[in-house]
Amino acid sequence: MANIDALTQQFIQQYGGEAADISVFHAPGRVNLIGEHTDYNGGYVFPAALTFGTTLLIRPRSDRGLGLATTNFPTSKQLSIDEIVYDEADDWMNYPKGIVFELQKTGVTFKQGYDLLYHGEIPNGAGLSSSASIEVVTAFALQTLEGLEIDKVKISLLSQKSENEFNGVNSGIMDQFAVANGKKDNAILLMCDTLEYELVPFESGSYKLVIGNTNKRRGLVDSAYNERRSQCEQAVEELRAAFPELTLLGQINLAQFNEAKHHIKDDVVRARAQHVIEEIDRVLQAVPALKAGELETFGQLMNGSHDSLRDLYEVTGPELDAMVAAAREIPGVLGSRMTGAGFGGCTVSLVHEDSVERFKEEVGRKYTQETGLVADFYVCSIGNGVERLV
Ligand code: GLA
């Protein structure tokens with residue numbers, strides 16, 4: 001957790017004034033345990049909020065200015081809250097700007113401007129949802145200080161809209177939803193079509209969740225992500241020969257898919273759809289297994305998820321595959337998979353507590369041998385969704 005006194009001093013250095021007027025909010029990053037590339041197909045996901053994320057210090061101003069600054073980079077900017085436009089040169093600042101813009105579109109007329117200082121603890125480009133964390137903490141803080149009604153599901157949707165429309169990144173709802181609605185020690189079973197969800201206690205006894213960061217920048221991710229999305233849409237179109245009402249792959253189950261999959265002509269498109277349908281099925285097996293304390297089954301389903309993302313959906317890449325393969329060789333590892341969009345970013349593994357040190361050491365060494373890159377590891381606890389700290 002960030003040192004709030006030190007951040008308060010930084011805020012005063014940046015903007016002047018008194019500590020007493022500053023409010024502090026926090027939103028986490030997220031890790032997805034299983035259910036990858038299912039959210040935009042109206043399927044199930046099973047993510048959890050992390051204990052680290054983005055801390056935001058914020059204070060109303062007496063004019064209509066908007067001050068944006070971060071402790072992570074020496075960039076800062078003064079804007080007018082009434083003239084928000086996307087500007088590529090503004091980099092990360094487009095995330096908070098997008099939230100102000102989307103709130104205004106819903107009819108919010110800000111009472112005044114604000115000064116904001118962000119402190120990010122999520123490694124950039126690691127696929128742990130640093131952008132969703134910035135979006136959700138900004139939306140929650142502004143709505144709180146404007147005295148508006150807080151609905152965390154609506155905050156997730158507004159944040160996703162800002163990511164999709166203002167920032168032009170075509171992501172699903174999983175990241176923003178997990179960051180807004182997470183709860184300490186619980187994972188979230190989310191039905192992405194209806195947004196019905198259930199908090200499921202993550203009781204893993206002597207097993208820990210270990211995140212491995214490949215430190216491989218996710219260069220290809222945007223174009224490949226969009227390509228996967230349109231392949232799924234194509235599959236839906238062809239499957240309508242059997243299911244005329246179908247709008248999302250998640251609306252049919254595995255048995256229905258198996259009967260109708262011959263309607264999909266292209267082998268690659270059929271493989272993409274097969275991943276999605278089987279991955280949704282894996283989530284629906286994984287959650288009862290976890291509830292029953294059957295961690296071995298849960299781990300095997302994690303393995304199945306990665307293998308399908310590698311062979312059918314083709315979004316893993318040599319770095320994630322090398323890390324997962326090294327992880328599975330360690331005794332005490334029940335399962336290991338990539339998490340997030342893929343093409344780099346992070347893996348998540350279920351590791352016996354007595355094996356964690358060996359895991360870090362051996363997986364780190366083998367990963368460097370294979371790829372020339374140096375990995376980072378985080379033993380992860382599950383934290384709360386967005387909240388006010390001060
Ligand atoms: C990214 C997107 C999510 C989801 C995952 C893949 O994290 O932001 O919406 O699609 O990829 O499961």
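Residue numbers run from 1 in the order of the sequence given. Counting starts at 1 for both ligands and their atoms, following the listed order. No experiment lies behind these values; they were computed from the predicted model shown.
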By number and element, which atoms of ligand 1 are closer than 4.0 Å to a non-hydrogen atom of [X]?
X      : value
Arg30  : 7 (O)
Asp39  : 3 (C), 4 (C), 9 (O), 10 (O)
Gly172 : 9 (O)
Gly340 : 6 (C), 11 (O)
Tyr40  : 10 (O)

Give a yes or no on this: more than 12 heavy atoms of other residues, nucleotides or ligands lie within 6.0 Å of atom [atom1] of [X].
X      : atom1 : answer
Gln285 : CD    : yes
Glu361 : CD    : yes
Gln112 : CD    : yes

Ring centroids only, cut at 6.0 angstrom: are Tyr225 and His37 within range, meaning strictly under it? yes

Parallel, tilted or perpendicular, judged at 30° and 60°: which one describes the rings of Tyr378 and Phe52? tilted

Mode of Gln176 contact toward ligand 1 - side chain, backbone, both, neither (heavy atoms, under 4.0 Å): neither

Check if Glu279 has a non-hydrogen atom at a distance under 4.0 Å from any atom of ligand 1. no

Under 3.5 Å between some N or O of ligand 1 and some N or O of Met174? no

Would you say Tyr225 has any N or O atom under 3.5 Å from an N or O of ligand 1, going by distance alone? yes

